[in-house]
Amino acid sequence: MTAALPHAATVWHALGDPWEQGVIRRGLAEVVLLGVTGGTLGCWVIFYQLSYSAESLAHALFPGLVLAALTGLPLLLGGAAGIVVAAGAVAVAGRTPVVGRDTAVAVVVTGLFGLGVLLALSATTPPGIANLLFGDILGSSDGDLALAGALSLCVLIVIWRLHGRLLAVGFDRASAPSLGLAPLRVDLALLALLALAVLIAVQGLGNLLVVAILVGPAATARRLARRIVPMMAIATALAIASGIGGLYLSFYAHTAAGGSIAGVIVALYLAVEAATAARGGIAAVSA
């Protein structure tokens, strides 16, 4: 019995040591905010099949993030401007008959992302700009956390208010107009929320990893739940747990925090996918 006490103390210290550092505690706060927002909204992203749109938005706003960092403007402002420019470019290119909308999206997104990478990796660019690609969740300031918290609250409130409409349009789009609902407006509202969530997450996880928190936990929860509300609860829990696991991995393995979090998210998905496949899968999501 007494021999087990030193081992228990060692485990306790291993669990508690990371949280003695202020940067880790702020990283945890950022993880919780991203987990709640990404887990909740991510279920609708999966349900409405918007995973590619999430990735496209993240890549398209990258030049705006870089320009904001270079000029000293808030990253949120630069990212918002980048999304607006990307939307306009897609709209213009999509009206060209020989291009087509899908091709237009691909060309605009890859073009803007390439421009952002060139700006970020240029020899004359100040050090640290390249971190926008992979994020710096441990570098969150109190102001960043306050802004992320306010935006996350807005996203969650709008999702709560739109819950019934999202369900109605998502499950039976053809019958939605007979219920007084406009599917296009619901789609636009969801895309606006997605854009806002990307802006929230990109500062912590970076341009290349932001999709992980928006898609990974929700895709995993989809394998564990049959109803949308439990699915959102599970996705949120998985997102926060992945974030905490990623912070531990980063602390002890000396790896990048954002990449560690994304790695844990993928590992959880693969484990759940293997387990559910072995027992025969899961039924379709219902209301």
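Using bins of under 30°, 30° to 60° and over 60° for the plane-to-plane angle, the ring pair Phe47/Phe171 lands in the tilted bin.
Results of the side-chain contact (heavy atoms from CB on, under 4.5 Å) test with Ser152 over Leu196, Leu147, Leu33 single out Leu33 as the only residue that passes.
Applying the salt bridge (Lys or Arg N to Asp or Glu O under 4.0 Å) definition to pairs two or more places apart or across chains, none involves residues 109-120. Residue pairs meeting the salt bridge (Lys or Arg N to Asp or Glu O under 4.0 Å) criterion with at least one partner in residues 231-253, sequence neighbours excluded, are absent.
Atoms CG and SG, on Leu166 and Cys43 in that order, are 11.5 Å from each other to the nearest 0.5 Å. Summarising the geometry, atom CG belonging to Leu41 is positioned 10.5 Å from atom CD1 belonging to Ile46; distances are rounded to the nearest 0.5 Å. Leu156 CG to Thr40 OG1: the interatomic distance, rounded to the nearest 0.5 Å, is 5.5 Å. The structure places CD1 of Ile159 at 7.5 Å from OG1 of Thr37, a figure rounded to the nearest 0.5 Å. A distance of 9.0 Å separates CH2 of Trp44 from CE of Met231, quoted to the nearest 0.5 Å. One finds the OG1 atom of Thr276 at 4.0 Å from the CZ atom of Arg223 (value rounded to the nearest 0.5 Å).
Side chains of Glu30 and Leu145 form a contact here, defined as non-hydrogen atoms less than 4.5 Å apart.
Evaluation of the side-chain hydrogen bond (donor to acceptor under 3.5 Å, both in side chains) rule for Tyr269 yields Glu273 as partners, not counting sequence neighbours. For Ser175, the side chain to side chain contact (heavy atoms under 4.5 Å, CB included) partners two or more places apart in sequence, or in a different chain, are Asp172, Ser178.
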Practice prompt. Under the side chain to side chain contact (heavy atoms under 4.5 Å, CB included) rule, what do Met232 and His163 come out as? Steps first, then yes or no, please.
Written response: CA-CA 12 Å; Met232 289 191 287; His163 182 81; 3.9 Å; yes

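The two residues Leu112 and Ala60 have their closest heavy-atom pair at CD1-O, 3.8 Å. Ala176 and Val169 get closest at one heavy-atom pair: CB-CG2, 4.0 Å. Minimum heavy-atom separation, Leu214 to Ala197: CD2-CB, 4.0 Å. Residues Ala201 and Leu34 approach most closely at CA-CD2, 3.4 Å, considering heavy atoms. Looking at every heavy atom in both residues, Pro217 comes nearest to Ala235 through CB-O, 3.4 Å. The minimum heavy-atom distance linking Ile234 with Leu224 is given by the pair CG2-CD1, 4.0 Å.
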Compile the donor-acceptor pairs under 3.5 Å between side chains in residues 183-194 and protein atoms, sequence neighbours left out, one pair per line.
residue : atom : partner : partner atom : Å
Asp187  : OD1  : Arg173  : NH2          : 2.9
Asp187  : OD2  : Arg173  : NH1          : 2.9
Asp187  : OD2  : Arg173  : NH2          : 3.3

Sequence neighbours left out, cut at 3.5 Å: what donor-acceptor pairs do the side chains of residues 255-267 make with other protein atoms?
residue : atom : partner : partner atom : Å
Thr255  : OG1  : Ser260  : OG           : 2.6
Ser260  : OG   : Ala256  : O            : 2.7

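Transitive grouping of hydrophobic side chains (ILVMFWY, heavy atoms separated by less than 4.5 Å) brings Phe113 and Leu115 into a common cluster. Under the 4.5 Å side-chain heavy-atom criterion for grouping Ile, Leu, Val, Met, Phe, Trp and Tyr, Val36 is connected to Val229 within one hydrophobic cluster. Grouping the Ile, Leu, Val, Met, Phe, Trp and Tyr side chains by contacts below 4.5 angstrom, directly or via other members, places Tyr252 with Leu28.
At least one donor-acceptor pair under 3.5 Å links the side chain of Ser242 to the backbone N or O of Leu238.
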